[in-house]
Amino acid sequence: NAGVTQTPKFQVLKTGQSMTLQCAQDMNHEYMSWYRQDPGMGLRLIHYSVGAGITDQGEVPNGYNVSRSTTEDFPLRLLSAAPSQTSVYFCASSYSRRTSEKLFFGSGTQLSVL
Amino acid sequence: QQQVKQSPQSLIVQKGGISIINCAYENTAFDYFPWYQQFPGKGPALLIAIRPDVSEKKEGRFTISFNKSAKQFSLHIMDSQPGDSATYFCAASNTTPGGYQKVTFGTGTKLQVIP
């Protein structure tokens with residue numbers, strides 16, 4: 001099993017550009033989420049989904065959009081990139097919303113916004 | 001507002017020694033306390049977890065100690081090895097009205113085990 005796959009691994013954007021971070025899981029997990037990791041701040045939840053067609057905001061949702069059209073995919077869109085969005089982004093999934101504390105993480109996307 | 005406070009920020013331990021990482025929480029609704037281990041260039045991975053109805057959980061060289069009255073929990077790594085060098089995150093979760101488990105992470109501890 002591939003688990004949780006994130007692409008790309010690295011990305012450099014200019015301020016104002018938009019892009020989509022891809023996340024796919026092959027474990028038939030119901031729950032999927034996006035986190036950003038910044039030095040000294042741990043992991044902060046951006047958006048999450050408890051199933052296809054159902055998404056909701058986490059702690060730091062501003063500047064990001066998500067959608068969940070299939071169980072497998074949960075892309076994260078940056079609408080107009082800002083330097084404050086420079087971070088490492090992790091997608092994570094869990095079997096169900098009731099076990100969403102037991103997260104399986106992808107290997108991350110390192111994003112730099114210039 | 002940091003709901004889960006983790007210390008120290010970094011830790012250097014000699015091979016064979018005991019590594020201790022501490023966490024404290026404020027929200028008494030938290031009902032699950034996992035620890036995640038992250039190697040450079042990788043995503044975090046669930047290492048060990050505890051529920052508040054027990055005071056200790058041991059898996060191999062890794063032990064969680066939990067003090068419900070003090071709202072503190074800690075990770076002990078016995079006989080620390082260079083392969084344990086990683087960043088460790090404590091976390092705490094609670095059930096939301098929507099029925100999912102919301103996970104709040106600590107800020108992480110970078111552990112280096114030197115030969």
Side-chain angles (χ1 to χ4, degrees), chain A residues 2-10 21 23-25 27 29-51 54-61 68 87-110, chain B residues 1-10 21-25 27 29-52 57 59 64 73 75 86-110:
Chain A
V4 179
T5 302
Q6 289 184 238
T7 57
K9 285 192 175 297
F10 303 95
L21 279 63
C23 175
Q25 53 89 11
M27 299 176 282
H29 281 178
E30 175 185 76
Y31 178 88
M32 296 186 74
S33 56
W34 279 100
Y35 286 85
R36 59 178 290 172
Q37 182 177 10
D38 301 291
M41 303 193 74
L43 293 147
R44 293 181 292 168
L45 182 64
I46 304 172
H47 285 286
Y48 66 94
S49 168
V50 297
I54 308 170
T55 64
D56 205 347
Q57 297 180 349
E59 300 173 63
V60 288
R68 183 110 179 260
S87 186
V88 181
Y89 291 85
F90 288 99
C91 179
S93 71
S94 183
Y95 178 70
S96 75
R97 72 183 74 185
R98 300 201 179 277
T99 63
S100 51
E101 73 275 14
K102 299 175 183 177
L103 295 164
F104 293 80
F105 283 84
S107 57
T109 295
Q110 189 169 326
Chain B
Q1 181 184 2
Q2 187 65 39
Q3 289 198 48
V4 180
K5 296 184 179 180
Q6 183 172 348
S7 63
Q9 188 173 1
S10 62
I21 304 170
N22 299 301
C23 286
Y25 64 97
N27 186 353
F30 288 144
D31 57 9
Y32 184 78
F33 300 86
W35 285 85
Y36 284 81
Q37 179 188 53
Q38 183 182 29
F39 293 106
K42 303 293 185 183
L46 181 62
L47 178 65
I48 186 172
I50 196 169
R51 295 206 181 271
K57 184 173 183 179
E59 290 185 359
I64 301 177
F73 58 111
L75 176 70
T87 298
Y88 292 82
F89 292 95
C90 64
S93 71
N94 61 286
T95 305
T96 69
Y100 83 98
Q101 297 294 317
K102 181 183 177 185
V103 183
T104 301
F105 285 88
T107 52
T109 296
K110 188 173 184 178

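Below, chains carry the letters A, B, ... as their sequence lines are ordered, and counting in each starts from 1. Keep in mind that what you see is a predicted model, and the values were worked out from it rather than measured.
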Trainee: Does CD in B:Q9 sit with more than 12 non-hydrogen atoms of other residues, nucleotides or ligands closer than 6.0 Å?
Mentor: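 No - once you tally the heavy atoms of other residues, nucleotides and ligands closer than 6.0 Å, there are 12 at most.
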
Trainee: If I compare all heavy atoms of B:Y100 with all of A:V50, which pair ends up nearest, and what's the gap?
Mentor: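 Where B:Y100 meets A:V50 most closely, the heavy atoms are CB-CG1, 4.3 Å.
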
Trainee: Rounded to the nearest 0.5 Å, what separates atom CG in B:L46 from atom CZ in A:F105?
Mentor: 9.5 Å

Trainee: Using a cut-off of under 4.5 Å on heavy-atom pairs, state which of B:G43, B:A92, B:S93, B:A91 scores highest against chain A.
Mentor: B:G43

Trainee: Between A:Q37 and B:F105, does the side chain to side chain contact (heavy atoms under 4.5 Å, CB included) criterion hold? Intermediate values first, please.
Mentor: CA-CA 10 Å; A:Q37 182 177 10; B:F105 285 88; over 6 Å; no

Trainee: Heavy-atom distance under 4.5 Å to chain B: side chain of A:Y48, backbone, both or neither?
Mentor: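 Side chain only.
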
Trainee: Tell me every residue that passes salt bridge (charged side-chain N to carboxylate O under 4.0 Å, His left out) with A:D38, counting only those two or more places apart in sequence or in another chain.
Mentor: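 Scan of A:D38 (salt bridge (charged side-chain N to carboxylate O under 4.0 Å, His left out), adjacent residues dropped) gives A:R36, A:R44.
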
Trainee: Would you name the heavy atoms of B:Q38 and A:F90 that are closest together and state the gap between them?
Mentor: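 Heavy atoms of B:Q38 and A:F90 come nearest at NE2-CZ, 3.2 Å.
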
Trainee: If you compare all heavy atoms of B:T107 against all heavy atoms of A:G40, which two are closest, and at what distance to 0.1 Å?
Mentor: CG2-O, 3.3 Å

Trainee: For B:F89, what residues pass the ring pair (Phe, Tyr, Trp, His ring centres under 6.0 Å) criterion, not counting sequence neighbours?
Mentor: none

